[in-house]
There are 2 protein chains.
Amino acid sequence: MNTSTDARGRLVAAAQEMFAAQGVGATSPRQVLAASGVGQGSLYHHFPTKHDLAAAAVGATVADALAAARRDLDDAPDGDRTDALARVVAYLERPRDALAGCKVGRLTSDQAVMDDDGLRDVVTAYFVRLLDAVAATLRDAGLPEGAARDRAHAAVAIVQGGYVLARATGDPDAMRAAVRGFVTLLTDNPEETA
Amino acid sequence: MNTSTDARGRLVAAAQEMFAAQGVGATSPRQVLAASGVGQGSLYHHFPTKHDLAAAAVGATVADALAAARRDLDDAPDGDRTDALARVVAYLERPRDALAGCKVGRLTSDQAVMDDDGLRDVVTAYFVRLLDAVAATLRDAGLPEGAARDRAHAAVAIVQGGYVLARATGDPDAMRAAVRGFVTLLTDNPEETA
DNA sequence: GTCTATAGTTGGATAGAC
DNA sequence: GTCTATCCAACTATAGAC
């Protein structure tokens with residue numbers, strides 16, 4: 001892994017950027033190639049098919065996204081009950097490029113991803129782990145299992161739906177309004193029902 | 001409008017179905033043509049370009065979706081305060097084909113739609129009107145302007161995000177869990193803050 | 001490991017007969 | 001208004017020189 005790592009790395013980085021901007025299906029290997037600055041032979045040497053390139057790029061993007069979420073959610077070393085709900089709120093309110101859409105969530109309506117078992121599984125794993133992490137934090141906040149899972153689903157849905165609203169209306173404030181509406185309800189109801 | 005209406009209608013219906021299933025960008029005029037059963041000449045007679053076909057199909061899909069939402073939200077002829085919140089809950093809990101994704105929401109990550117001013121405007125108008133309708137119903141329920149708008153954004157985001165979660169996890173219950181988590185909070189907090 | 005050249009397919013769109 | 005035949009560009013991928 002000397003000069004080859006560089007070409008490979010540049011290809012993956014370029015692919016991540018283009019996939020985020022315009023989706024996997026709509027991005028051709030040729031475009032990635034042009035953006036990365038490497039030659040055509042290099043691309044097909046490191047990634048024999050488009051699937052291989054997509055797997056590397058999507059895997060890297062998912063790993064980044066999950067790490068970012070965990071930085072918000074797993075902040076406290078001990079189980080601090082009062083702080084746990086604040087960590088979920090911090091996750092919800094983290095500044096996001098709303099008009100760009102979620103790099104991972106957008107893949108769920110990308111035909112090229114959902115038709116490929118390997119890629120779809122990576123996306124599935126991301127959301128399963130994210131939901132688990134949010135639910136665990138809500139249990140730390142004192143919520144019973146059922147309510148924690150339901151509210152975790154709601155929290156992640158708010159973020160994903162916020163992206164959709166922002167893109168649809170062309171207004172980043174649409175996402176912030178959705179988060180605000182949900183956070184107000186969430187923080188006023190910290191621990192009843194299931 | 002005699003036999004031509006039939007061919008045109010079948011083309012639009014086929015396009016709506018295929019766009020919903022696999023997106024606009026991923027659907028070729030040739031596929032629509034094959035699914036509709038009409039000949040190639042017919043397609044290009046009624047719709048000179050793919051844009052024209054997409055505009056007709058997306059317009060029809062958006063009109064259907066908005067009408068469905070209004071059936072849930074505008075149910076009462078007078079301003080029934082206690083009933084209004086129930087109408088929003090009915091909108092949220094309406095059975096949906098969660099694994100298929102939202103026919104309109106998915107368009108927001110479709111490059112072919114967002115790059116086309118005409119198509120994007122149709123999608124934007126749908127969400128603006130939907131948000132207005134939900135917010136109006138929440139004001140009927142007694143919420144002040146600011147809270148009504150924020151919670152309307154949250155409600156629509158829950159539905160859109162619910163679709164994303166269901167598709168991502170391959171589990172229709174993921175959407176139901178998100179709706180349940182939100183509805184529980186919403187119905188316990190009918191009218192404070194802004 | 002990287003390059004240029006090119007194969008084979010499908011994309012969107014048009015021509016011209018009927 | 002509808003048909004078949006066809007054009008050209010872009011796509012994914014391969015071949016073979018360096």
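In what follows, chains are A, B, ... by sequence order, proteins preceding strands, each numbered from 1.
Distance CG (A:Leu33) to P (D:dC11): 11 Å, rounded to an integer number of Å. The nearest whole Å value for the distance from the NE2 atom in B:His45 to the C1' atom in C:dA15 is 16 Å. In this structure, A:Gln40 places its CD atom 16 Å from C1' of D:dC18, rounding to the nearest Å. Remark: P of C:dT14 and NE2 of B:His46 are 16 Å apart, rounded to the nearest angstrom. The interatomic distance linking A:Leu53 (CG) with D:dC11 (P) rounds to 14 Å, in whole Å. Whole-Å rounding puts the B:Asp52 CG to C:dG12 P distance at 14 Å. Atoms CZ (B:Phe47) and P (C:dT14) sit 15 Å apart, rounded to a whole Å. Nucleotide D:dC11 holds its P atom 19 Å from the CD atom of A:Gln111, rounded to whole Å.
Under 4.0 angstrom from either OP1 or OP2 of D:dT12 there lies no side-chain N or O belonging to A:His51.
The nucleotide whose nearest atom lies closest to any side-chain atom of A:Tyr44 is, among C:dG12, D:dT12, C:dG1, D:dT12. Relative to the side chain of A:Ser28, the nucleotides D:dC3, D:dT12, D:dT2 differ in distance, and D:dT12 lies closest. Distance from the side chain of A:Ser42 is smallest to C:dC3 among C:dG12, D:dT12, C:dC3.
Judged by the 6.0 Å and 45° rule, A:Arg176 forms no cation-pi pair with A:Phe182. Taking the ring centre of A:Tyr91 as origin, the terminal cationic atom of A:Arg96 falls inside the region bounded by 6.0 Å and 45° from the ring axis.
We find that B:Arg87 and B:Asp140 are joined by a salt bridge, their nearest charged nitrogen and carboxylate oxygen being less than 4.0 Å apart. Look at B:Arg129 and B:Asp132 and you find no salt bridge, because none of the NZ, NE, NH1 or NH2 atoms lies under 4.0 Å from a carboxylate O. Taking the charged nitrogens against the carboxylate oxygens, A:Asp110 and A:Arg106 have no contact shorter than 4.0 Å, which rules out a salt bridge.
Annotation: of the two residues near DNA chain D, A:Gly25 and A:Gly41, the 5′-most nearest-nucleotide partner is A:Gly25. In terms of position along DNA chain D, the nucleotide closest to A:Ala26 lies nearer the 5' end than the nucleotide closest to the other residue of the pair A:Pro48 and A:Ala26.
A donor-acceptor contact under 3.5 angstrom links the side-chain atoms of A:Arg30 to the base of D:dT12.
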